[in-house]
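We're numbering straight along the sequence, starting at 1. As a basis for the values below, the full set of heavy atoms in this structure was taken, side chains included, without hydrogen atoms, waters or symmetry mates.
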Amino acid sequence: MDIVAEVNRALEYTKEKEYKKAEKIYLGILKQDDKNAVILSLLGLLYLNAGVLKKSEKYLKKAYSIKESVATIEGLGLVKGYLGELIEAGKYLEKVIDSTKSYDVYDMYISFLIETRQYSKAYKYSTECVEKFPLKREGYVTLSYCAINIGKLQEAYALAELVVKRYPKYGSGWIQLGLITEILFHDDDKAAECYKKALYCENKDEAYYNLAVNSDKRKDFKKALYYARKLQRNNPNNDTLCFLFGSIYLRQRKFKLGMKYYAKYVLRKPKTEPHNALHKLKNIWDGKAYKKDKLFLFGDQGIGDCIMFSRYLPILEKKFKKIDCMVSDSILELFKRSFKDNKKITFKPKGKIPRHDHSTVLSVLPYYLKMDFDNIPYSDKYMIADNLKIEKYKELINSDRLKVGISWEAGGIGLRDLLHRTLNISMYEPFLNTENVQFYSLQVKPAMDNYKNYKQLIDLAPTFKDFDDTAGALMNLDLVITVDTSVAHLAGALGVKTFMLLPSCTDWRWFEDDKTTDWYKSIRIFRQKDSKTWDDVMNNIALELKKLADNKDC
């Protein structure tokens with residue numbers, strides 16, 4: 001057999017997308033030599049092109065175990081990425097990114113960097129990507145996104161403008177321009193015009209989604225529902241539909257309708273995430289009592305959500321013989337301690353799912369327990385910090401002045417997280433020099449490092465290994481000032497006095513509240529009156545902080 005000739009024939013078949021013919025050739029060669037790393041890699045790459053990801057992974061791994069080649073590593077990284085395993089994908093692609101000639105490898109590696117919030121690095125490689133592949137319009141949109149995340153808003157806007165000028169029929173460009181218009185200029189009308197232009201491109205679904213969100217922000221719920229229904233007609237199986245409808249109804253405090261859609265969204269089995277734990281849940285709980293059965297409860301969504309919805313656990317306990325609750329390692333010990341008196345509940349780290357009779361996720365408990373927003377339980381204090389951690393941080397947070405912890409960035413991913421829940425620390429300047437106050441940073445791995453410019457700030461984040469540490473620190477503070485993030489939820493659940501900064505348009509759970517929230521008694525809300533400025537919020541906080549600091553002197 002002339003292997004070189006056969007391989008060339010297989011490559012021609014691959015170009016013509018005659019994958020079965022190419023596969024037959026490679027498998028024939030492997031019958032004679034099953035450890036031929038080149039052929040194993042070519043077969044793995046063939047399956048990758050054909051979209052047969054598990055087979056691709058199998059052969060590429062075998063090739064990689066015999067010989068590490070650039071093509072094999074690139075293929076493995078892409079397969080892992082397409083399977084939703086971005087962390088693993090990043091490990092492979094990092095080895096070849098500086099030598100790759102593939103746009104897809106750049107794109108996947110940058111996705112990994114964004115997923116892990118390495119925005120400066122993502123910006124660097126996005127810049128390289130645009131230089132190497134100047135005709136790839138998608139690369140400019142990604143670079144614009146990365147520029148936003150490191151605070152280069154004007155550059156991000158210029159890039160989006162460049163895209164729509166060069167490619168006026170490219171919907172993603174218009175949508176990116178609309179999103180930046182929301183963030184940079186807070187001009188929802190102009191943003192809506194950009195989304196409407198995307199309707200005449202290939203991105204109709206994305207355009208309808210953004211128009212619905214844009215209308216929802218402006219409290220034009222009738223128009224928001226109109227666009228959401230347009231999206232529904234175009235794509236009835238779109239996973240985001242239930243989230244969209246749920247958000248619109250929940251912001252109006254329509255509990256049953258909103259939570260019904262929200263539950264459908266979070267309990268879906270994501271088609272693109274086969275590794276997701278939701279694929280392994282069986283017999284989704286219907287809300288009834290099964291006192292002889294075992295419930296498996298998965299801590300879904302973010303850390304803040306898990307803390308917020310965990311308040312329903314003691315009520316849920318009455319309905320089952322045993323409950324296994326799986327949560328992130330970062331809150332495992334905190335939950336074990338806080339609910340130690342609930343003997344039926346066992347907390348487990350994320351991993352193998354235990355045997356269960358029924359299952360559900362943490363964030364839908366109020367819906368299945370039929371507990372609407374007029375009877376939110378445990379709004380006072382339901383989390384318990386570790387006494388040893390409290391003592392540890394008593395030594396680190398040692399000041400006669402008013403002790404204030406601050407947090408300014410949310411942990412979510414997405415442009416609207418920046419719009420709704422993240423600020424630049426420089427916006428805190430109106431109160432950062434308040435006399436008789438010692439400030440402590442609670443912000444873990446901030447995207448922008450300009451916090452280092454504030455020498456009056458003591459950084460506690462390097463001492464945090466998990467939220468048990470964070471809880472210990474919070475219990476030593478007189479006050480927490482934070483945006484809508486996990487720190488706010490933890491402080492509220494611990495009963496720590498907190499000032500929470502909210503934009504004029506917030507996540508549904510804060511409704512239209514502008515002073516207090518039924519979720520946490522210890523939280524006081526400071527809400528924007530005008531989406532274009534935070535001046536009023538910061539000045540009000542400065543006044544309140546001065547009063548507290550002056551009283552500290554007394």
Is the ring pair [X]/[Y] parallel, tilted or perpendicular, if the boundaries are 30 and 60 degrees?
| X | Y | value |
| --- | --- | --- |
| W408 | Y451 | tilted |
| Y170 | Y167 | perpendicular |
| Y109 | Y125 | perpendicular |

Side chain to side chain contact (heavy atoms under 4.5 Å, CB included) test vs S363 passes for just one of F309, F298, Y312, namely F309
Scan D478, L545, L477 and name whichever one has a side chain to side chain contact (heavy atoms under 4.5 Å, CB included) with V404.
L545
Hey, is [X] close enough to [Y] for a salt bridge, meaning N to O under 4.0 Å?
| X | Y | value |
| --- | --- | --- |
| R311 | D380 | no |
| E94 | K121 | yes |
| K80 | E88 | no |
| E193 | K196 | no |
| R137 | E202 | yes |
| K546 | E435 | no |

Heavy atoms of other groups near [X] [atom1], more than 12 under 6.0 Å:
| X | atom1 | answer |
| --- | --- | --- |
| E429 | CD | yes |
| K497 | NZ | no |
| F243 | CZ | no |

Partners passing side chain to side chain donor-acceptor pair (under 3.5 Å) against Q438 (at least two apart in sequence or in another chain):
R401
Q456 meets the side chain to side chain donor-acceptor pair (under 3.5 Å) criterion, sequence neighbours left out, with N433
Using every non-hydrogen atom in the two residues, find where I523 and A488 come nearest and quote the distance to one decimal.
CD1-O, 3.5 Å
Can you give me every donor-acceptor pair (side chain of residues 154-163, partner residue at least two apart or in another chain, under 3.5 Å) with its distance?
from: E155; atom 1: OE1; to: Y123; atom 2: OH; distance (Å): 2.9
from: E155; atom 1: OE2; to: Y123; atom 2: OH; distance (Å): 2.8
from: Y157; atom 1: OH; to: K190; atom 2: NZ; distance (Å): 3.4

Distance col, row F499:CZ vs E544:CD, nearest 0.5 angstrom, shows 5.5 Å
Test applied, salt bridge (charged side-chain N to carboxylate O under 4.0 Å, His left out); reference residue, R218; option that passes from D189, D188, D187:
D189
Compute the ring centroids of H489 and W510, then answer whether they are less than 6.0 Å apart.
yes
Should I110 and C129 count as side-chain neighbours, where that means a heavy-atom distance under 4.5 Å?
yes
